[in-house]
Amino acid sequence: MPDKTYLREQLSIPVSGDTSETEAFQSQTLRPVLKLQNEIYHMLFQDYAVSKISDFNSLTTEKKLSFIDQSLRKDHALRNIFIGMTVGMLTAEEMKTYIPDKNIFNKRIITMIIERLKSQMEK
């Protein structure tokens, strides 16, 4: 199988010499994966939201944003699905960076997904 990285768009996020390894991994690896998977994250969350609140689409933007935040922070099964969708797009080499600090990266992944979903709800 070809390297998964060819699927990802290369983002022009500057990484300077004083950038930590964690921040560099987030910018160079996680952000491109999140961008690649964005449509799928959105579809999955939309299905989840409607299954929990049948009139989700008629909620105010403020209530939708709150629901996104609460769902991804409190529903561990949902969190694990989103994390799995992200980690599944990493290469074996990238996993060597991810595994030792997976708790930190998982928090960052969820935070970035929350922000992505919220920004799409505001449109």
Side-chain angles (χ1 to χ4, degrees):
M1 180 176 135
D3 189 338
K4 297 174 194 176
T5 58
Y6 82 94
L7 296 170
R8 300 182 206 154
E9 183 179 332
Q10 292 303 313
L11 305 178
S12 57
I13 301 170
V15 177
S16 65
D18 61 343
T19 302
S20 72
E21 185 178 335
T22 301
E23 290 170 336
F25 185 76
Q26 175 179 314
S27 296
Q28 296 172 338
T29 303
L30 295 179
R31 287 188 187 279
V33 169
L34 268 62
K35 187 169 185 175
L36 174 68
Q37 296 287 79
N38 187 64
E39 184 178 3
I40 296 169
Y41 296 142
H42 182 73
M43 292 171 68
L44 179 67
F45 188 80
Q46 191 69 27
D47 179 66
Y48 171 84
V50 171
S51 74
K52 296 292 182 186
I53 303 173
S54 60
D55 64 342
F56 176 77
N57 292 318
S58 65
L59 295 177
T60 64
T61 300
E62 185 178 315
K63 288 185 179 184
K64 286 180 184 178
L65 298 179
S66 177
F67 181 76
I68 290 168
D69 196 61
Q70 292 302 310
S71 297
L72 281 162
R73 295 200 188 280
K74 306 252 178 192
D75 187 329
H76 295 287
L78 182 65
R79 283 173 54 92
N80 289 338
I81 290 169
F82 279 99
I83 291 168
M85 289 170 56
T86 306
V87 173
M89 293 304 296
L90 300 180
T91 65
E93 193 62 35
E94 291 165 340
M95 287 297 288
K96 292 176 186 175
T97 302
Y98 168 80
I99 289 172
D101 292 319
K102 65 184 170 198
N103 292 334
I104 292 167
F105 289 125
N106 289 347
K107 287 178 187 174
R108 288 176 181 244
I109 289 167
I110 292 302
T111 299
M112 289 187 292
I113 291 174
I114 287 170
E115 292 309 311
R116 281 184 161 276
L117 291 171
K118 283 181 172 182
S119 71
Q120 293 170 19
M121 288 297 160
E122 293 172 342
K123 292 179 182 175

Quiz prompt | Test log, rule side-chain contact (heavy atoms from CB on, under 4.5 Å), inputs Glu21 and Asp101 | solution = CA-CA 11 Å; Glu21 185 178 335; Asp101 292 319; over 6 Å; no
Quiz item: Does Leu117 reach the side chain of Leu72, with side-chain heavy atoms less than 4.5 Å apart?
Solution: yes
Quiz prompt | Straight-line distance of Gln120 CD to Phe45 CZ, nearest 0.5 Å | solution = 11.0 Å
Self-check item: Spatial distance of atom CE (Met112) from atom NZ (Lys107) [nearest 0.5 Å]
Solution: 14.0 Å
Practice problem: Report yes if some heavy atom in the side chain of Phe67 is under 4.5 Å from a heavy atom in the side chain of Lys52; otherwise report no. | Solution: yes
Exercise. Examine Phe105 together with Phe25 and report whether their ring centres are nearer than 6.0 Å.
Key: yes
Quiz prompt | Donor-acceptor contact present, side-chain Thr86 to main-chain Phe82, <3.5 Å | solution = yes
Quiz item: What is the distance from atom CD1 of Ile109 to atom OG1 of Thr111, rounded to the nearest 0.5 Å?
Solution: 10.0 Å
Quiz item: Do any N or O atoms from the side chain of Glu94 and from the backbone of Thr91 form a donor-acceptor pair under 3.5 angstrom?
Solution: yes
Quiz item: Nearest 0.5 Å, what's the CG-CD distance between Leu65 and Glu115?
Solution: 9.5 Å
Quiz item: For Ile68, does its backbone N or O pair with a side-chain atom of Ser71 as donor and acceptor, under 3.5 Å?
Solution: no
Quiz item: Got a sec, which residues hit salt bridge (charged side-chain N to carboxylate O under 4.0 Å, His left out) with Asp75, two or more places apart in sequence or on another chain?
Solution: none
Quiz item: If you look at every heavy atom in Pro32 and Ser27, which pair is closest and at what distance?
Solution: CD-O, 3.4 Å
Quiz item: Ignoring hydrogens and geometry, is there a side-chain-to-backbone donor-acceptor pair from Asp47 to Met43 under 3.5 Å?
Solution: no
Self-check item: 4.5 Å side-chain heavy-atom contact, Ile40 and Asn38
Solution: no
Quiz item: Transitively linked via ILVMFWY side-chain contacts under 4.5 Å: Met95 with Ile104?
Solution: no
Quiz item: How many angstroms lie between atom CD of Gln37 and atom CZ of Arg116, to the nearest 0.5 angstrom?
Solution: 10.5 Å
Quiz prompt | Donor-acceptor under 3.5 Å (Thr29 side chain, Gln26 main chain) | solution = no
Practice problem: Would you give the length of the straight line joining atom NZ of Lys63 to atom OG of Ser58, rounded to the nearest 0.5 angstrom? | Solution: 9.5 Å
Exercise. Go through the steps for Gln46 and Met121 under the test side-chain contact (heavy atoms from CB on, under 4.5 Å), then give the verdict.
Key: CA-CA 10 Å; Gln46 191 69 27; Met121 288 297 160; 3.6 Å; yes
